[in-house]
Amino acid sequence: MSNSNSILFVRWGAVSVPEAVELQSVLSEMIQGKFNILFLDPIAGLKDVNEIDWGIKGICTVQVPSDGPSDDSMWDYVYNGLTLTKTYS
């Protein structure tokens, strides 16, 4: 983490706005560069991915089907548009 200019943290599990803001605050004290947090909130019985806009810069929250960890199409949707900017050899 100390060598990266940009980090994406991904968290699977239910999250509230206060919890998200607290995690962002704690990470901002630990991380020198830019970072974003992607929260995946599993919802039983949900069929599609629902984006939730909390209006907090650097935080993205999506509701996902609770069986999503093994669903490649869910991950493809969630990660659509993300790219790696550097790789280490």
Pairing residues for Q32 by the side chain to side chain donor-acceptor pair (under 3.5 Å) criterion, not counting sequence neighbours
none

Considering only heavy atoms from C-beta outward, does the side chain of L23 approach that of F39 to under 4.5 Å?
yes

Between S66 and P42, the two heavy atoms sitting closest are CA-CB, 3.8 Å

Please name all residues satisfying side chain to side chain donor-acceptor pair (under 3.5 Å) with S73, sequence neighbours left out, ordered by chain then number.
D71

Contacts of type side chain to side chain contact (heavy atoms under 4.5 Å, CB included), residue I7, not counting sequence neighbours
M1, S4, F9, I31, F35

Would W54 and V15 count as a side chain to side chain contact (heavy atoms under 4.5 Å, CB included) here? Give the steps.
CA-CA 12 Å; W54 287 341; V15 64; 3.7 Å; yes

Here the gap from I59 atom CD1 to L38 atom CG, rounded to the nearest 0.5 Å, amounts to 11.0 Å

For Y77, enumerate each residue passing the side chain to side chain donor-acceptor pair (under 3.5 Å) test, keeping only those at least two apart in sequence or located in another chain.
E51

I56 versus V17: any side-chain heavy-atom pair under 4.5 Å?
yes

What pairs of residues pass the side-chain hydrogen bond (donor to acceptor under 3.5 Å, both in side chains) test when at least one of them lies in residues 13-31, not counting sequence neighbours?
S16-E19

Hey, does V62 have a side-chain heavy atom less than 4.5 Å from the side chain of I52?
no

Compare every heavy atom of W12 with every heavy atom of P65, then report the nearest pair and how far apart it is.
O-CH2, 3.7 Å

Does L40 reach the side chain of V10, with side-chain heavy atoms less than 4.5 Å apart?
yes

Contacts table for residues 43-50: side-chain donor-acceptor under 3.5 angstrom, sequence neighbours left out:
none

